Protein chains: 2
Amino acid sequence: MSGKKQNIPRYRQVYEILRKHITSGVYREGDMLPSENDLCQTNGITRPTVRLALDQLVKDGFIKKQQGKGSIVCAQPKGIGILSVAGTTTAIGKENLKTKILEGPVIRKWDDPFVFPLSEVEKESGCIYMERVRLVNNKPLFYDITFLPNINLPRFTSRTFENRSLFDILRKSYQVKVTGGEQRLKAIPAKGKICQHLDVKEGEPVLHLERKINTNRIDYSFYSTLFCNTTEHDLFGIF
Amino acid sequence: MSGKKQNIPRYRQVYEILRKHITSGVYREGDMLPSENDLCQTNGITRPTVRLALDQLVKDGFIKKQQGKGSIVCAQPKGIGILSVAGTTTAIGKENLKTKILEGPVIRKWDDPFVFPLSEVEKESGCIYMERVRLVNNKPLFYDITFLPNINLPRFTSRTFENRSLFDILRKSYQVKVTGGEQRLKAIPAKGKICQHLDVKEGEPVLHLERKINTNRIDYSFYSTLFCNTTEHDLFGIF
DNA sequence: CATTTCAGCTTGTATTTACAAGTAAAATTA
DNA sequence: TAATTTTACTTGTAAATACAAGCTGAAATG
């Protein structure tokens with residue numbers, strides 16, 4: 001036997017297949033996807049199941065649907081897809097992205113007060129703290145401070161994060177999948193560490209995001225404070 | 001008879017009812033919604049239909065679901081929900097929001113080049129141009145420039161927009177519903193008209209959004225350039 | 001009494017079936 | 001030929017049904 005027999009839903013499997021076909025160029029911008037009935041036959045499933053897969057693709061911006069015609073493949077966004085669900089790494093592609101660790105991961109107390117309300121369990125457990133800088137073409141783009149509740153993440157602080165995706169590590173080593181979250185953002189003048197890490201002048205406008213990121217573990221969320229230099233790249237999102 | 005007999009899908013009706021119950025406080029943060037089977041009985045529909053309504057509520061951030069337990073009502077965001085689908089008006093509530101028209105709506109040519117690629121039809125038709133300022137508690141928050149393709153919107157330029165929601169007018173008078181869109185954002189230093197309209201100092205950081213907004217009319221999108229003073233309010237979004 | 005088992009609830013996934021509504025091209029009609 | 005109608009496709013909405021999987025509390029067990 002090859003791998004462990006997982007129990008991934010059929011609609012999820014079909015979603016992954018179609019997504020791969022789109023990102024790898026089997027279907028290109030403007031192309032029609034096979035009709036829902038075709039996809040039923042091809043994959044041996046029924047229409048409601050196919051539609052679950054397609055709904056997800058619509059939500060992620062890969063296709064748009066038109067009644068009476070079909071599913072049309074969309075252009076892939078060129079910006080930085082930080083606003084949609086997916087880590088930074090998948091959003092810009094691994095080629096030009098480097099991750100530098102500035103601090104941590106270390107276990108420490110939460111900031112008090114913290115930007116988002118914390119449960120008692122979270123407060124007691126303390127947090128895993130990490131500071132990173134993401135560079136695109138060797139220029140600093142994100143200055144990212146991550147806070148993870150120190151709950152059931154054995155040996156986390158001794159792992160290597162340099163040039164690795166946090167989301168990937170969480171998913172593959174701890175079965176923690178990101179399902180969504182909330183964010184608030186504003187434009188602020190750069191100062192202090194932000195200037196230093198993003199290589200911008202004092203007072204220069206930078207984007208400031210505060211994100212709460214939810215996972216498949218009920219009541220397990222983690223938090224990220226993010227500063228972004230948007231002079232060269234925009235942030236991109238669909239809604 | 002009261003109004004015209006419209007043909008709104010059942011799942012959409014149920015969505016509107018539940019949404020109203022949540023926003024008006026019938027259900028409060030942390031409350032459980034009735035179970036899916038209860039909602040079936042109450043509304044005389046079946047589970048797949050109920051689930052369509054609930055899916056939409058999840059997407060909009062009103063509830064979160066947990067297998068084995070139920071649907072839990074979420075806290076309503078306090079920021080400005082500009083990043084999710086819905087106009088600014090519904091996002092902050094009508095109470096404190098005023099809209100001031102600075103210019104238009106007038107029919108004119110598109111900017112060339114335009115931020116988003118335009119189809120030939122859009123280019124030929126010209127655009128309806130409008131500049132507005134949104135004030136919260138009488139302080140300017142958004143400076144909004146709207147571009148609508150001049151296609152099949154009779155008498156649009158002679159309508160009154162002062163203190164009215166553009167999304168509402170489009171939906172009620174032209175049956176144009178917003179279905180989603182894409183946006184790119186960055187932090188920029190304020191200058192010129194932006195300083196003037198948002199009442200901020202030259203060089204002060206403001207948020208700059210470029211949005212393409214899709215509708216239920218196929219191939220009908222409109223565009224919005226938005227500057228936001230985020231010193232007092234953040235922008236809020238879920239993903 | 002403490003622990004385990006189980007029954008009854010919840011949401012998640014999936015099938016099958018049916019018809020409505022929108023699109024486009026073929027077939028018919030003037 | 002040109003305009004109209006039909007037909008055959010597409011996606012959208014909806015019902016009825018079934019079982020899996022997760023949660024909770026009551027009943028049975030040690």
Side-chain angles (χ1 to χ4, degrees), chain A residues 5-18 27 30-59 62-74 175 177 179-180 214-220, chain B residues 5-18 27 30-59 62-74 152 175-177 179-180 214-220:
Chain A
K5 191 201 114 202
Q6 293 191 34
N7 203 358
I8 299 170
R10 306 282 286 123
Y11 76 88
R12 191 76 206 168
Q13 296 174 25
V14 175
Y15 163 83
E16 293 291 352
I17 292 170
L18 291 173
Y27 305 114
D31 283 0
M32 285 302 210
L33 242 47
S35 81
E36 295 182 354
N37 283 319
D38 286 351
L39 291 172
C40 291
Q41 288 214 316
T42 312
N43 297 281
I45 54 180
T46 55
R47 259 190 82 207
T49 311
V50 164
R51 286 175 66 81
L52 282 180
L54 294 182
D55 284 350
Q56 197 61 46
L57 290 171
V58 169
K59 196 182 157 199
F62 287 106
I63 62 170
K64 58 180 176 183
K65 303 180 77 176
Q66 185 177 344
Q67 187 174 9
K69 287 189 75 174
S71 303
I72 303 142
V73 176
C74 294
Q175 285 74 50
K177 270 190 310 182
T179 53
N214 299 324
T215 72
N216 57 334
R217 277 199 204 170
I218 293 298
D219 295 328
Y220 191 83
Chain B
K5 191 202 112 202
Q6 293 190 35
N7 202 357
I8 299 171
R10 306 282 286 120
Y11 75 89
R12 191 75 205 169
Q13 296 174 26
V14 175
Y15 163 83
E16 294 290 350
I17 292 169
L18 291 172
Y27 305 115
D31 283 359
M32 285 302 209
L33 241 47
S35 80
E36 295 182 354
N37 283 320
D38 286 350
L39 291 172
C40 291
Q41 287 213 318
T42 312
N43 297 281
I45 53 180
T46 54
R47 259 191 81 206
T49 311
V50 164
R51 286 176 66 80
L52 282 180
L54 294 181
D55 283 349
Q56 197 60 46
L57 289 171
V58 169
K59 195 182 158 198
F62 287 105
I63 61 169
K64 59 180 175 182
K65 302 180 80 178
Q66 187 177 341
Q67 187 174 7
K69 287 190 75 174
S71 302
I72 302 142
V73 176
C74 294
N152 214 347
Q175 285 74 52
V176 172
K177 270 190 311 181
T179 53
N214 300 324
T215 72
N216 57 333
R217 277 200 204 168
I218 292 301
D219 294 328
Y220 190 82

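Owing to the predicted nature of the structure, the values given are computational and were not obtained by experimental measurement. In what follows, chains are A, B, ... by sequence order, proteins preceding strands, each numbered from 1. The analysis underlying the following values was restricted to heavy atoms, covering all of them including side chains, and did not include hydrogens, waters or symmetry mates.
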Base, sugar-phosphate, or nothing for [X], non-hydrogen atoms under 4.0 angstrom?
{"X": "A/Pro9", "answer": "sugar-phosphate"}
{"X": "A/Leu52", "answer": "nothing"}
{"X": "A/Thr46", "answer": "base"}
{"X": "B/Arg51", "answer": "base"}

Starting at [atom1] of [X] and ending at [atom2] of [N], how long is that distance when rounded to a whole Å?
{"X": "A/Glu36", "N": "C/dA21", "atom1": "CD", "atom2": "C1'", "result": "14 Å"}
{"X": "A/Lys65", "N": "C/dA21", "atom1": "NZ", "atom2": "P", "result": "18 Å"}
{"X": "A/Leu54", "N": "C/dA14", "atom1": "CG", "atom2": "C1'", "result": "16 Å"}
{"X": "B/Met32", "N": "C/dT10", "atom1": "CE", "atom2": "P", "result": "11 Å"}
{"X": "B/Gln67", "N": "C/dT11", "atom1": "CD", "atom2": "P", "result": "10 Å"}
{"X": "B/Arg47", "N": "C/dC9", "atom1": "CZ", "atom2": "P", "result": "14 Å"}
{"X": "A/Asn37", "N": "C/dT23", "atom1": "CG", "atom2": "C1'", "result": "16 Å"}

>> Can you tell me which nucleotide in C/dT15, C/dG12, C/dA14 comes closest to the side chain of A/Arg10?
In response: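 Of C/dT15, C/dG12, C/dA14, C/dA14 is nearest to the side chain of A/Arg10.
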
> Closest to the A/Thr49 side chain: C/dT23, C/dA20, C/dA14?
Replying inline: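 Nearest to the side chain of A/Thr49 among the choices is C/dA14.
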
> Which is the 5'-most and which the 3'-most nucleotide of DNA chain D that has an atom under 4.0 Å from a heavy atom of chain A?
Replying inline: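 Nucleotide range with atoms under 4.0 Å of chain A: D/dT10 to D/dA21.
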
[N], OP1 or OP2 - any side-chain N/O from [X] closer than 4.0 Å?
{"X": "A/Lys69", "N": "C/dG22", "answer": "no"}
{"X": "A/Gln66", "N": "C/dT23", "answer": "yes"}
{"X": "A/Tyr11", "N": "C/dA14", "answer": "no"}

> Want to settle it: does B/Pro34 or A/Arg12 sit nearer the 5' end of DNA chain C, counting the closest nucleotide to each?
Replying inline: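 That would be B/Pro34.
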
Taking atom [atom1] of [X] and atom [atom2] of [Y], what is their separation to the nearest 0.5 Å?
{"X": "A/Lys59", "Y": "B/Asp55", "atom1": "NZ", "atom2": "CG", "answer": "9.0 Å"}
{"X": "B/Ile45", "Y": "B/Arg51", "atom1": "CD1", "atom2": "CZ", "answer": "12.5 Å"}
{"X": "B/Ser71", "Y": "B/Lys64", "atom1": "OG", "atom2": "NZ", "answer": "11.5 Å"}
{"X": "B/Arg12", "Y": "B/Gln56", "atom1": "CZ", "atom2": "CD", "answer": "5.5 Å"}
{"X": "A/Glu36", "Y": "A/Thr46", "atom1": "CD", "atom2": "OG1", "answer": "11.0 Å"}

> What heavy-atom pair brings A/Cys40 and A/Arg47 nearest, and what distance separates the two atoms?
Replying inline: SG-N, 3.4 Å

> For A/Ala53 and A/Tyr11, which heavy atoms make the closest approach, and how far apart are they?
Replying inline: CB-O, 3.4 Å

